[in-house]
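A short write-up of the structure that comes next.
So you know, we letter chains A, B, ... as the sequences are listed, proteins then strands, and number each from 1.
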2 protein chains.
Amino acid sequence: MARDGARPGSRPAAAGRLRLADYLPYRLSVASNRASGLIARAYQARFGLSIQEWRVIAVLGEGAPRTAQGVCEATAMDKVTVSRAIRALDARELVRRSANEHDRRASDVTLTPEGEAIYAEVAPLALRYEAALLEGFSPDERARLMALLSKLEARLDAGGFG
Amino acid sequence: MARDGARPGSRPAAAGRLRLADYLPYRLSVASNRASGLIARAYQARFGLSIQEWRVIAVLGEGAPRTAQGVCEATAMDKVTVSRAIRALDARELVRRSANEHDRRASDVTLTPEGEAIYAEVAPLALRYEAALLEGFSPDERARLMALLSKLEARLDAGGFG
DNA sequence: TGAAATTAGTTGCAAATGATACTATTCTGC
DNA sequence: GCAGAATAGTATCATTTGCAACTAATTTCA
C-alpha cells in the first residue's frame with residue numbers, strides 16, 4: 001500500500017497538506033471499523049449478539065454487578081444504547097435486573113447462568129480474534145500500540161480543542 | 001486512567017482474561033469515535049458537512065477528478081454512502097458531475113469553486129485538529145503510531161480470520 | 001423542610017445506515 | 001457481433017442510531 005510518494009494525478013504532498021490516507025482520525029476510523037466489523041459478524045453469526053450487547057456481557061463478565069450507568073461508564077456507550085442492549089439481553093434471559101439497594105431509580109444488572117455460559121464461550125473467541133489481529137506484532141509493539149492509544153485518549157480527555 | 005491494577009470488585013486479571021478496557025478492537029473503537037466525533041461536530045457546526053461529505057471533499061481536494069467508484073476506493077466508504085454524499089454535495093453545488101469520457105455509466109466528480117473554497121477552509125482546520133490531537137507526541141511516536149496502524153490494516157487485509 | 005436542580009432509565013421520533021435489488025452500460029470470450 | 005457476466009450508480013425498504021423529551025427518584029442548599 002503506497003502511502004508514500006505521490007499518487008498519479010495528485011498534487012505534490014506539500015508540508016501541512018491534507019492527505020486523507022495519512023490523516024490520523026481517518027486512519028483510526030478505518031482500522032476500527034474493519035476490526036470491529038470483522039468480529040461483530042462473528043458474534044452475530046454465532047451468538048446473535050450485537051457489538052453493544054457483547055460489550056455489556058463483557059463488562060458484566062468481569063465480575064461485579066453494575067447499574068446501567070456503571071455499564072455506560074465501563075463501555076463508553078450512550079445510556080440509550082446501554083438501555084436497549086440490556087433490555088434485549090434481559091428478554092433473552094442472559095442478564096437479570098434487580099433492585100439497587102441504595103437508589104430506587106437504578107437496578108443492578110448481573111449475568112444469569114445462561115449469560116455466564118455465553119460469556120465463557122465468547123470471551124476466548126474474542127481473545128483469539130485479538131491475537132489473530134496482532135499476529136506478527138512483537139510484545140513490544142503491542143505494548144506501544146496500547147500506550148499510544150492511551151496517550152491519544154488522554155489528549156481527548158484533556159480537551160482544549162475548538 | 002487506571003488501566004492496570006484490579007478495579008474494585010473485579011476479578012483478578014488472569015493471563016488471557018478478557019478485559020474490555022484492554023481489548024484492542026474496543027480501544028480502537030473508542031479512540032476513533034471520540035476523535036471523529038469531536039471533529040465531525042466542528043465540520044457540522046461550521047460548514048454543515050457530515051463526515052462522509054467532508055471525506056469526499058477531502059479526496060477531491062487532493063487534485064484529480066474522480067468517479068464515485070474512485071471516491072469509494074480513496075475513502076474506504078460504501079458505494080451507497082458515497083452516492084448519497086455526492087448527491088448532497090451536488091445539491092449544494094459544492095461538486096459538479098460531468099460525463100466520463102470512457103465510461104458512460106460513470107461520471108467524473110470535481111469540486112466547484114465553492115467546493116474548493118470550502119476545502120481551502122476546512123483542510124487547515126482538520127490539520128489543526130490533528131495537530132492538537134497529537135500534541136505531546138514526538139515525531140517518532142507519530143511515525144510509530146501510523147506504522148502500527150498500517151501493520152494492523154495489513155493484517156486485516158491478509159484475512160485468515162475465523 | 002421543601003423547592004429547584006440533578007440523575008437513572010425509558011420512550012418516541014426523525015435521520016442515518018446498510019443490504020438488496022434494479023437500470024444502464026461495458027467487458028469477455030467465443 | 002452477440003450472449004452472459006461484471007460494473008457504475010441509484011432506489012427501496014427495514015433496521016439502527018441519536019437526540020430530546022419524559023417519569024421517577026434523589027440530591028442540594030437556602
Between B:Gln52 and C:dA16, does any side-chain N or O lie under 4.0 Å from OP1 or OP2?
no

Output every pair passing salt bridge (Lys or Arg N to Asp or Glu O under 4.0 Å) with a member in residues 105-114 of chain A, not counting sequence neighbours, ordered by first then second residue.
A:Asp103-A:Arg105

Hey, is A:Arg97 close enough to A:Asp90 for a salt bridge, meaning N to O under 4.0 Å?
yes

Checking A:Tyr43 now: which residues fulfil ring-ring contact (aromatic ring centres under 6.0 Å, His included) with it, not counting sequence neighbours?
A:Trp54

Set of side-chain contact (heavy atoms from CB on, under 4.5 Å) partners for A:Ala42, sequence neighbours left out
A:Tyr129

Let me have a per-nucleotide readout for nucleotides 5-12 of chain C, 5' to 3', with B, S or -, counting only protein heavy atoms under 4.0 Å.
--BSBBBB

Sequence neighbours excluded - side chain to side chain donor-acceptor pair (under 3.5 Å) pairs with any residue from residues 73-87 of chain A:
A:Gln69-A:Glu73

If a pair satisfies ring pair (Phe, Tyr, Trp, His ring centres under 6.0 Å) and one of its residues is in residues 75-112 of chain A, list it, with sequence neighbours excluded.
none

Applying salt bridge (Lys or Arg N to Asp or Glu O under 4.0 Å), which residue pairs with at least one partner in residues 137-146 of chain B are found, sequence neighbours left out?
A:Lys151-B:Glu141, B:Asp140-B:Arg144

With sequence neighbours left out, write down each residue that passes salt bridge (charged side-chain N to carboxylate O under 4.0 Å, His left out) with B:Glu101, or none if nothing qualifies.
none

Per-helix bend value, the helix from C:dT1-D:dA30 to C:dC30-D:dG1, C1' rotation axes over five pairs per end, 10° rounding, shows 40°

Tell me which pairs pass ring pair (Phe, Tyr, Trp, His ring centres under 6.0 Å) where either residue lies in residues 63-97 of chain A, with sequence neighbours left out.
none

Under the rule for side-chain contact (heavy atoms from CB on, under 4.5 Å), what residues qualify as partners of B:Ala76, not counting sequence neighbours?
A:Tyr26, A:Val30

Distance under 4.0 Å to a non-hydrogen atom of chain A counts as contact; along DNA chain D, which nucleotides mark the start and end?
D:dT17 to D:dT26

